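First up is the structure itself, then whatever we jot down about it.
As the structure is a computational prediction, the values presented were derived from the model and not from experiment. Each chain gets a letter, A, B and so on, in the order its sequence line appears, and its residues count up from 1.
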Number of protein chains: 2
Amino acid sequence: MLRLSTKGQYGVRAMFEIARSCNHGPVTIREISERQDVSVAYLEQILNQLRKSGIIKSVRGPGGGYVLSRDPGKVSIGEILRELEGPVAITSCLDPKEGCMRVEGCVTHLLWKSLGENIEAFLNSMTLKDLLEGNEFISLKQRPGQVPGNIMAKVPDKTKARLAS
Amino acid sequence: MLRLSTKGQYGVRAMFEIARSCNHGPVTIREISERQDVSVAYLEQILNQLRKSGIIKSVRGPGGGYVLSRDPGKVSIGEILRELEGPVAITSCLDPKEGCMRVEGCVTHLLWKSLGENIEAFLNSMTLKDLLEGNEFISLKQRPGQVPGNIMAKVPDKTKARLAS
DNA sequence: ATAATAGTCTAGTGATTCTGTCAAGTATTA
DNA sequence: TAATACTTGACAGAATCACTAGACTATTAT
Ligand code: FES
Ligand code: FES
C-alpha cells in the first residue's frame, strides 16, 4: 500500500545526479540515464516538469545539461515529489482538487490528515544534501526505544566510495 | 501522491462501525452500508477478506452480522490496512514480493525505507479504540513547536453526539 | 418443512492511471 | 553548418481500481 509512482522515484534519483555534479557544470540527460538506469525519453518528461517549477535550470547546446537552481541543502525531497505528483493526499477527501461532503462527522478524516502531515513533514525535512551525505536513513523522529547510532553505520561501502569521488 | 485505495479507507470505516457496536451484538452489512455510504456488494468483499484474517467474526442467519474478534484497543489501523492492501511498500524495491537488484549502492533506498517505517509505526500505533474516542488526530509524534492541546477541542459536535449514544 | 434473513464466493467489466515510447522541433556552440 | 542537447505534444499498451452481478450456503422463526 501507499506506493510512490516511478515518476517520483526517478525524479528524486535524477535530482541526486544533478546535485552530485553541482560543482562540475551541467549534467546531460544521457549521463543521468546511464547512471540511474532510466530511459532518456522518460527523463526528458520528468526533468522538463522540474525545470518548469524552477527547481532546476537547463543549458542548451553542446556542453549543456541541467543544473540546480539552488543549494542542495535548500531542495527538499518533498518539493521534488510535490512538483511531480502533486501534494500528499492519502484520500480524495484531502485532495484540494476533490474534497468530500462527509468531512464533518467523519471518524477517519483526522486520522488520514494526521498521517499525511506526518509524511509531508518527513519529506520536507529531507534534502538533497542529506542524500549526498548518506544521511537519508535518519528518521525525522526517533521513537522510544530506538537509539540514533552511528550515522554511517548502515551506509554500504559501495555508496561511500561513490560519495567520496 | 501516496493515495490509499478506497478499499482500505472503506475497510477502516467499516471496522469502526463494527467496533462501535461491540457491546450491542453483530452489525449487518446493510447497516454498515447505510451508515458509511458504501455499497453492500463492495462491503461484502472487504469484510470477507477481513474475516479470513481473523480480525472479525461473522454470524450467519437472521440476527447475524459481524463482530470484532478482539478488543478495539487491540486492533490497529495498520493491521486492517495490511490485510486489505498488503504491507507498506513505498517502492517496488521495498515490496517483499518484488525486490530490486540495485539496492546496494542505491542512494534513495534507505530514504524510502525510513519513510515506510515511519508510516508503519504511525498506523500500528493507532487503534480502533482511538477512533472511538476521537483521538485520531493525535500525531504519533509532536514536532517541535507543536503543542498537544485539548484532546476533544477539534472533534465536531456531530461526532461527539454519535460517540455518546 | 419452508420462507426469510444474512453471510460466502467467483467472475467480470468499464474507467482510470501508470509507465513509458515516438517523432518533430528549437536553441546553442564549435 | 553540423553536432549537441533540451522541448513539446501525442499516443498506446499494461496494470490497477472500483466496483457490480449472480449463484450459493447457513441459520433461524414459524
Ligand atoms: S469520507 Fe470524506 S472525509 Fe471521511
Ligand atoms: S532502485 Fe531499487 S533500491 Fe533503489
With a cut-off of less than 4.0 Å, is there a side-chain N or O of A/Asn48 near OP1 or OP2 of D/dT8? yes
Please classify the nucleic acid contact of B/Ile29 as base, sugar-phosphate, or nothing, using heavy-atom distances under 4.0 Å. sugar-phosphate
Tell me what A/Lys57 touches on the nucleic acid: a base, only sugar-phosphate, or nothing, going by heavy atoms under 4.0 Å. nothing
So, does B/Tyr42 get its side chain near the phosphate of D/dC17, meaning an N or O under 4.0 Å from OP1 or OP2? no
Does a nitrogen or oxygen in the side chain of B/Tyr66 sit under 4.0 Å from OP1 or OP2 of C/dT8? yes
Can you find a side chain N or O atom of A/Thr6 that sits less than 4.0 Å from OP1 or OP2 on C/dT19? yes
For D/dA5 and A/Ser58 - does any side-chain N or O of the residue sit under 4.0 Å from the phosphate oxygens OP1/OP2? no
Between the side-chain atoms of B/Glu44 and the base atoms of D/dT20, is any donor-acceptor pair under 3.5 Å? no
Looking at the base of D/dT20, is there any donor atom on it, or on the side chain of B/Gln45, that sits under 3.5 Å from an acceptor on the other one? yes
Taken to the nearest whole Å, CD/A/Gln49 to C1'/D/dT7 is 14 Å
Take atom CG of A/Asp37 and atom P of C/dT19, then tell me their distance rounded to the nearest Å. 17 Å
Less than 3.5 Å between a donor and an acceptor, one on the side chain of B/Arg60 and one on the base of D/dT28, is that the case here? no
Return the minimal non-hydrogen interatomic distance between B/Asn124 and B/Ser76, and the atom names on each side. O-CB, 3.4 Å
Verify the contact: side-chain N or O of A/Ser39 to OP1 or OP2 of C/dT21, cut-off strictly under 4.0 Å; return yes or no. yes
State whether B/Glu17 and B/Arg13 are salt-bridged, where the test is any N-O pair (Lys NZ or Arg NE/NH1/NH2 against Asp/Glu carboxylate O) under 4.0 Å. no
Ignoring backbone atoms, establish whether A/Arg51 has a side-chain N or O less than 4.0 Å from OP1 or OP2 of D/dT8. yes
Taken to the nearest whole Å, CG/B/Asp95 to C1'/D/dT16 is 14 Å
